[in-house]
Amino acid sequence: MTTRVIIVDDQAMVRAGFAALLAAQSDIDVVGEAPDGAQGVELSRRTHPDVVLMDVRMPEMDGLEAARRLLSPPPGVTHRPRVLMLTTFDVDDYVYEALRAGASGFLLKDAPPADLIAAVRVVASGDALLAPSVTRRLIADFAQQRPASRGKPALRLKGLTERETEVLTLVARGQSNSEIARTLVLAEQTVKTHVSRVLTKLDLRDRAQAVVFAYESGLVAPGE
């Protein structure tokens, strides 16, 4: 199955480079490009991509607002693509808000080409992707700016088993399924099953939202 992608970035050379790289893959089809968030939203509504590569900082409308509009569309608009945010720095203040808006993850623009291709495939498959350095920054920003919300999120944790709580904790620390499997001495397929159950029980869409939930609920404290 071919993954349809659009690229939203204010730098023409970046768009061209990413488009050429992705279009060379037999399973990826680049269906459009846009220079700012407003045009990116309009293009997405026209072309219905599976994944939107969205720059964080752009004129007219930044990537955060564009992600909000794509992921919380107005009545009558049913298409909701997966949004993969692109950033030059791993210290971007928009990380937390973009994840809250529903973005499926972040990728640094200077990541190796193979990482970009893999990221598009991961996000298209319904999973989430967070660069470890971006995850660390997310945690730091959260600790400095937002005290943990111990109310309803904490109550929802009670529906998890002890093992599911362990898995969620490791997800929040940025571990992949294979790393969690090694840490807990489990089969990777078993970890996938636990992650799926955690997302279902907590009504979360993907791992990115699970990270945010874990810190909001106080399950994981920054610096641990």
Side-chain angles (χ1 to χ4, degrees), residues 1-73 77-92 94-95 97-99 101-135 137 174 176-178 192 205-209:
M1 182 176 177
T2 301
T3 298
R4 293 166 57 82
V5 177
I6 66 171
I7 301 166
V8 185
D9 194 295
D10 61 330
Q11 298 180 48
M13 290 184 65
V14 171
R15 295 198 307 272
F18 285 171
L21 176 66
L22 294 174
Q25 311 307 309
S26 61
D27 60 336
I28 298 176
D29 185 13
V30 178
V31 296
E33 303 173 25
D36 61 61
Q39 292 185 55
V41 171
E42 194 276 332
L43 177 64
S44 178
R45 299 265 163 83
R46 282 203 329 266
T47 60
H48 290 186
D50 301 301
V51 177
V52 176
L53 289 180
M54 181 81 73
D55 189 19
V56 169
R57 302 179 188 231
M58 293 180 290
E60 303 300 329
M61 180 189 292
D62 63 37
L64 176 57
E65 179 59 26
R68 286 195 186 108
R69 296 192 184 193
L70 289 176
L71 298 169
S72 297
V77 177
T78 58
H79 178 252
R80 293 177 60 187
R82 296 277 174 174
V83 177
L84 178 60
M85 307 298 293
L86 298 167
T87 181
T88 306
F89 308 102
D90 62 354
V91 294
D92 213 297
Y94 289 156
V95 171
E97 292 303 330
L99 294 177
S104 292
F106 269 76
L107 188 70
L108 302 182
K109 284 187 178 180
D110 62 358
D115 287 3
L116 173 64
I117 297 167
V120 168
R121 290 170 176 156
V122 166
V123 170
S125 72
D127 208 341
L129 181 140
L130 290 170
S133 56
V134 172
T135 303
R137 182 60 185 185
S176 65
N177 286 346
S178 60
K192 290 180 180 179
R205 192 173 72 169
D206 54 33
R207 296 172 84 94
Q209 290 190 342

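Just the heavy atoms: all of them, side chains too, but no hydrogens, waters or symmetry mates, feed the values below. Note that the structure is a prediction, hence the values are computed from the model and not measured.
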*Kindly determine whether Arg68 and Glu65 satisfy salt bridge (Lys or Arg N to Asp or Glu O under 4.0 Å), including the steps that lead there.*
CA-CA 5 Å; Arg68 286 195 186 108; Glu65 179 59 26; 3.3 Å; yes

**Message:** Let's go through Gln39 and Glu60 carefully: what are the C-alpha distance in whole Å and the side-chain angles of both, what is the deciding distance for side-chain contact (heavy atoms from CB on, under 4.5 Å) to 0.1 Å, and is it a yes or a no?
**Reply:** CA-CA 9 Å; Gln39 292 185 55; Glu60 303 300 329; over 6 Å; no

*Can Thr87 and Leu108 be said to form a side-chain contact (heavy atoms from CB on, under 4.5 Å), step by step?*
CA-CA 5 Å; Thr87 181; Leu108 302 182; 3.7 Å; yes

Discussion item. Under the criterion side-chain contact (heavy atoms from CB on, under 4.5 Å), I'd like the reasoning laid out for Phe18 against Leu86: C-alpha separation, chi angles, the key distance, then a yes or no.
Written reply: CA-CA 11 Å; Phe18 285 171; Leu86 298 167; 3.5 Å; yes

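Between the OG1 atom in Thr47 and the CD atom in Glu42 there is a gap of 9.0 Å [rounded to 0.5 Å]. Distance check: His48 NE2 to Ile6 CD1 gives 10.5 Å after rounding to the nearest 0.5 Å. Residue Leu53 holds its CG atom at 10.5 Å from CE of Met85, rounded to the nearest 0.5 Å. Note that CD1 of Ile7 is 11.5 Å distant from CG of Asp55, once rounded to the nearest 0.5 Å. To the nearest 0.5 Å, atoms CZ (Arg80) and OG1 (Thr78) are separated by 10.5 Å. Of the inter-residue distances, the one linking Ile28 atom CD1 with Thr2 atom OG1 reads 9.5 Å to the nearest 0.5 angstrom.
The two residues Pro81 and Leu70 make their nearest non-hydrogen contact at CD-O, 4.1 Å. Across Ala23 and Val30, no two heavy atoms sit closer than the pair N-CG2, 3.9 Å. In this structure, Leu84 and Ala119 approach most closely via the heavy-atom pair CD2-CB, 3.7 Å. Nearest heavy-atom pair across Asp36 and Pro59 is CB-O, 3.3 Å. Pro49 and Val31 make their closest contact through CB-CG2, 4.4 Å (heavy atoms, listed as atom of the first residue, atom of the second, distance).
Counting only heavy atoms from C-beta outward, the side chains of Ser44 and His79 approach each other to under 4.5 Å. Under the 4.5 Å side-chain criterion, counting only non-hydrogen atoms from C-beta, Gln25 is in contact with Arg121.
By the salt bridge (charged side-chain N to carboxylate O under 4.0 Å, His left out) test, Glu33 pairs with Arg15, sequence neighbours left out.
Within the structure, every pair that satisfies the side chain to side chain donor-acceptor pair (under 3.5 Å) test and touches residues 3-13, not counting sequence neighbours, is listed here: Asp9-Lys109.
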